[in-house]
Visitor: 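Before I ask anything, let me first share the structure, which is written out below as structure tokens.
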Amino acid sequence: MAKGWKERGFFELYRDDPERADALVFGRRSGASRRGFLQGAGLATMGAMVGGAIPFSGSMPSGLIPAAMAQGSSAAPKILKMDGKAELVILGDKPLVAETPEHLLNDDITPNDKIFIRNNGIVPDQFAGDPNGWALTIDGEVNTALKLTLGELKQKFKPVTYALQMECGGNGRAAFEPKASGNQWGNGAISNARWTGVRLKDVLEAAGLKSSAVYTGHYGADPHLSGDASKPAISRGVPIAKAMEEHTIIAYAVNGGPIPNVHGFPLRLIVPGWPGSASQKWLNRIWIRDREHDGQGMTGTSYRVPVKPMIPGSKADPSNFRIMESMPVRSIITNIANGTELKAGTRAIALRGHAWAGEHSVSEVHVSADYGQTWRKAKVGKAANKYAWQTWNADLTVPSEGYYEFWVRAIDSTGRGQSHAAANWNPQGYGGNVMHRIAVLIPA
Ligand SMILES: Nc1nc2c(c(=O)[nH]1)N[C@H]1C(S)=C(S)[C@@H](COP(=O)(O)O)O[C@H]1N2
Ligand SMILES: [Mo]
């Protein structure tokens, strides 16, 4: 039977019939039971399936699920078919949520079609009026409440353009064990587009912050999933200091044109380096609060991480949680897709990708071809501006044909890095930043 599999190709087999492939390699059905079963016989079966060599199998950590198998779910991925969008992977359709596979994120500036999609409510019909007539209210703890049209925002405030990371707070969630609740993101809930808008700071200064101002509360025009008009789909906020940061902007353009409707046309916030949920789409109100905002997505264990580590899988005590602020350091390989068969005879591989670290910068990126036994330093480029991701390049060589995994990990300017398994388990799976790994096959 192994021969039949081999002829069909190892990666094809995993794509076409992951359940059977799993049953072969792990000797049982796929799912949670897979973890920890790739040993002895399984490894031999996998060797037969890939056509022989797994040159570094001796340094494969025991219990590791090879990358070729770890990233597929048992169902074939559903691919997004939407005008103006690339072939993103649908994680949910009510609300619409779609991830950008790492290998589609190779551009330094993420084009509109490759920006991941995350909605909590119903995507509103595109605003049909003159976009310059769209109104934004600033109220609460300000000296003068403002109601500004988009036209006035453009007229009265200085435009700025930055390349900015926008990353979902749950990016990396799929790595949690036991499984955390929510969209099972790999590493693809990240974009680094060029946003144009006005500084939130300038607008808040025009309204005049009262000394009682503590936090922002953001509102948008998308209806709640239930259709209940009194409930916002999501309403998060940030401390005043983050709102006053010069890269926190009210954006009306992305990559030189209007914001596509699914990404918040005609006006949205971009709060870079923090969970994407603070970057309100279809923005129509910013309420300045005299306390921490308590809107939809601010309370309980939403967008919060444990202060004291909890026992994985146990019941959460919300009083042990703090609001997630900076996103953790992460790196991805973008020039080769997981499951690529390289040209026969390939021994030298040039890897490329991006790395970012929320509020911080990335100081080092390392790559490995032998399951982390040895690492090589990548060349890490400078960020286009603060909060833009950094592009890295690295060269690797391999000794022979066979099945390999290329791993990448980054270290941020505070010395924090990425682990092999998701740490600080929490029920909604925030803060997971395991190393990215891809599987490749080099034929003889
Ligand atoms: N109005 C509104 N804004 C929103 C959301 C939403 O559901 N409604 N989702 C948030 C979340 S959780 C994320 S990660 C980002 C995703 O933005 P994108 O779909 O443009 O990538 O938008 C944020 N802003
Ligand atoms: Mo998100």
Side-chain angles (χ1 to χ4, degrees), residues 80 82 84-86 88-100 104-105 110-127 134 136 164-173 180-185 187-195 197 216-226 231-238 248-255 258-287 293 295-298 302-304 323-324 327 358 428-432:
L80 182 73
M82 187 193 263
K85 296 302 293 183
L88 308 188
V89 174
I90 298 177
L91 301 187
D93 31 36
K94 209 179 185 290
L96 177 63
V97 178
E99 165 156 15
T100 313
L104 292 186
L105 290 168
T110 311
N112 293 357
D113 66 323
K114 293 179 179 134
I115 298 177
F116 75 93
I117 300 173
R118 167 63 166 128
N119 296 299
N120 292 267
I122 300 166
V123 175
D125 288 338
Q126 176 148 341
F127 180 60
W134 180 272
L136 170 66
L164 299 170
Q165 307 155 39
M166 217 271 300
E167 182 175 21
C168 183
N171 203 18
R173 180 177 290 134
S181 70
N183 298 293
Q184 297 298 303
W185 299 110
N187 294 299
I190 176 76
S191 59
N192 184 66
R194 207 187 301 277
W195 295 93
T216 60
H218 313 152
Y219 293 86
D222 48 331
H224 190 268
L225 264 194
S226 65
K231 277 202 256 170
I234 188 168
S235 176
R236 300 199 64 248
V238 293
T248 297
I249 64 173
I250 306 174
Y252 49 76
V254 60
N255 293 327
I259 300 171
N261 189 49
V262 75
H263 298 297
F265 179 83
L267 199 62
R268 77 173 298 174
L269 278 168
I270 295 289
V271 183
W274 284 34
S277 48
S279 295
Q280 194 82 28
K281 304 194 273 191
W282 309 289
L283 180 73
N284 57 18
R285 180 185 179 206
I286 298 173
W287 180 20
H293 187 45
Q296 183 71 27
M298 290 298 301
S302 293
Y303 301 103
R304 285 174 186 252
I323 296 177
M324 188 183 190
M327 291 297 292
Q428 288 178 257
Y430 300 109

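Counting starts at 1 for both ligands and their atoms, following the listed order.
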Visitor: Which residue owns the protein heavy atom closest to atom 21 (O) of ligand 1, what's the atom, and how far is it?
Guide: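 Result for atom 21 (O) of ligand 1: F116 O, 2.6 Å.
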
Visitor: Looking only at heavy atoms of H218, does any of them come nearer than 4.0 Å to an atom of ligand 1?
Guide: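 Checking ligand 1 against H218, which is what was asked, there is no heavy-atom contact under 4.0 Å.
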
Visitor: Pull out every atom of ligand 1 sitting under 4.0 Å from any heavy atom of Y303, numbered as shown with elements.
Guide: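 Checking each atom against Y303, I get 12 (S).
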
Visitor: Answer with side chain, backbone, both or neither: which part of R268 has a heavy atom less than 4.0 angstrom from an atom of ligand 1?
Guide: side chain

Visitor: Heavy-atom pairs closer than 4.0 Å: do any link ligand 1 to the side chain of W282, the backbone, both, or neither?
Guide: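 The answer is the side chain.
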
Visitor: Show the atoms of ligand 1 that are less than 4.0 angstrom away from any heavy atom in S277.
Guide: 10 (C), 11 (C), 12 (S), 13 (C), 23 (C)

Visitor: Any chance you could lay out the side-chain contact (heavy atoms from CB on, under 4.5 Å) test for Q280 and I234, step after step, and finish with the verdict?
Guide: CA-CA 8 Å; Q280 194 82 28; I234 188 168; 3.9 Å; yes

Visitor: Heavy-atom distance under 4.5 Å between the side chains of T248 and I270, does that happen here?
Guide: no

Visitor: Can you find a pair of side-chain heavy atoms, one from H263 and one from I117, that are under 4.5 Å apart?
Guide: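 H263 reaches I117 side chain to side chain.
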
Visitor: Which of the atoms of ligand 1 are close to I234, meaning less than 4.0 Å from one of its heavy atoms?
Guide: 2 (C), 5 (C), 6 (C), 7 (O), 8 (N)

Visitor: Under 4.0 Å from any heavy atom of I115, which atoms of ligand 1 are there?
Guide: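 Ligand 1 atoms under the 4.0 Å threshold to I115: 21 (O).
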
Visitor: Counting distance only, does the side-chain N/O of W282 pair as donor-acceptor with the main-chain N or O of N261 below 3.5 Å?
Guide: yes

Visitor: In terms of atom number and element, which parts of ligand 1 are under 4.0 angstrom from non-hydrogen atoms of I117?
Guide: 19 (O)

Visitor: Going through the checks in order, is the ring pair (Phe, Tyr, Trp, His ring centres under 6.0 Å) test met by F116 and W185?
Guide: CA-CA 11 Å; F116 75 93; W185 299 110; 5.6 Å; yes

Visitor: Report yes if the distance between the aromatic ring centroids of F127 and F265 is under 6.0 Å, otherwise no.
Guide: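 Distance test on ring centres: not under 6.0 Å, no.
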
Visitor: Within the distance-only criterion (no hydrogens, no angle test), does the side chain of K85 pair as donor or acceptor with the backbone N or O of N112 below 3.5 angstrom?
Guide: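 Yes; judged by distance alone, with no hydrogens or angles, the pair exists.
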
Visitor: Go through ligand 1 atom by atom and flag the ones less than 4.0 Å from a non-hydrogen atom of N120.
Guide: 5 (C), 6 (C), 7 (O), 9 (N), 10 (C), 12 (S)

Visitor: Within less than 4.0 angstrom of ligand 1, does S279 place any heavy atom?
Guide: yes

Visitor: Suppose we measure from atom 19 (O) of ligand 1 to each protein heavy atom; which comes out shortest, and what is that distance?
Guide: K281 NZ, 2.6 Å

Visitor: Mind checking whether W287 and Y219 have parallel, tilted or perpendicular rings, split at 30° and 60°?
Guide: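 If you compare the ring of W287 with that of Y219, the planes turn out tilted.
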
Visitor: Provide the closest heavy-atom pair for I249 versus G197 in the form atom of the first, atom of the second, distance.
Guide: CD1-N, 4.1 Å

Visitor: For ligand 1, which atoms sit closer than 4.0 Å to a heavy atom of C168?
Guide: 14 (S)

Visitor: Considering only heavy atoms of D222, which atoms of ligand 1 have at least one such atom less than 4.0 Å away?
Guide: 1 (N), 2 (C), 6 (C), 7 (O), 8 (N)

Visitor: Counting heavy atoms only, which of H263, H224, R236 comes nearest to atom 20 (O) of ligand 1?
Guide: H263

Visitor: Do side-chain atoms of H293 reach the backbone of S235 as a donor and acceptor pair under 3.5 angstrom?
Guide: yes

Visitor: Can you tell me if K231 uses its side chain to pair, donor with acceptor, with the backbone of Q296 under 3.5 Å?
Guide: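 Such a contact is absent between K231 side chain and Q296 backbone.
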
Visitor: Judging by distance only, is a nitrogen or oxygen of G169 under 3.5 angstrom from one on ligand 1?
Guide: no

Visitor: Starting from atom 23 (C) of ligand 1, find the nearest protein heavy-atom neighbour and note its residue, name and distance.
Guide: G276 O, 3.2 Å

Visitor: Check whether any N or O atom of E167, backbone or side chain, sits under 3.5 Å from an N or O atom of ligand 1, and answer yes or no.
Guide: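 Looking only at distances, the answer is no, because the N/O contact criterion of under 3.5 Å is not met.
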
Visitor: Is it the case that the side chain of N120 and the backbone of A233 share a donor-acceptor pair, with hydrogens and angles ignored and the cut-off at 3.5 Å?
Guide: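 No; zero donor-acceptor contacts below 3.5 Å.
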
Visitor: What part of L283, side chain, backbone, both or neither, has a heavy atom within less than 4.0 angstrom of ligand 1?
Guide: neither

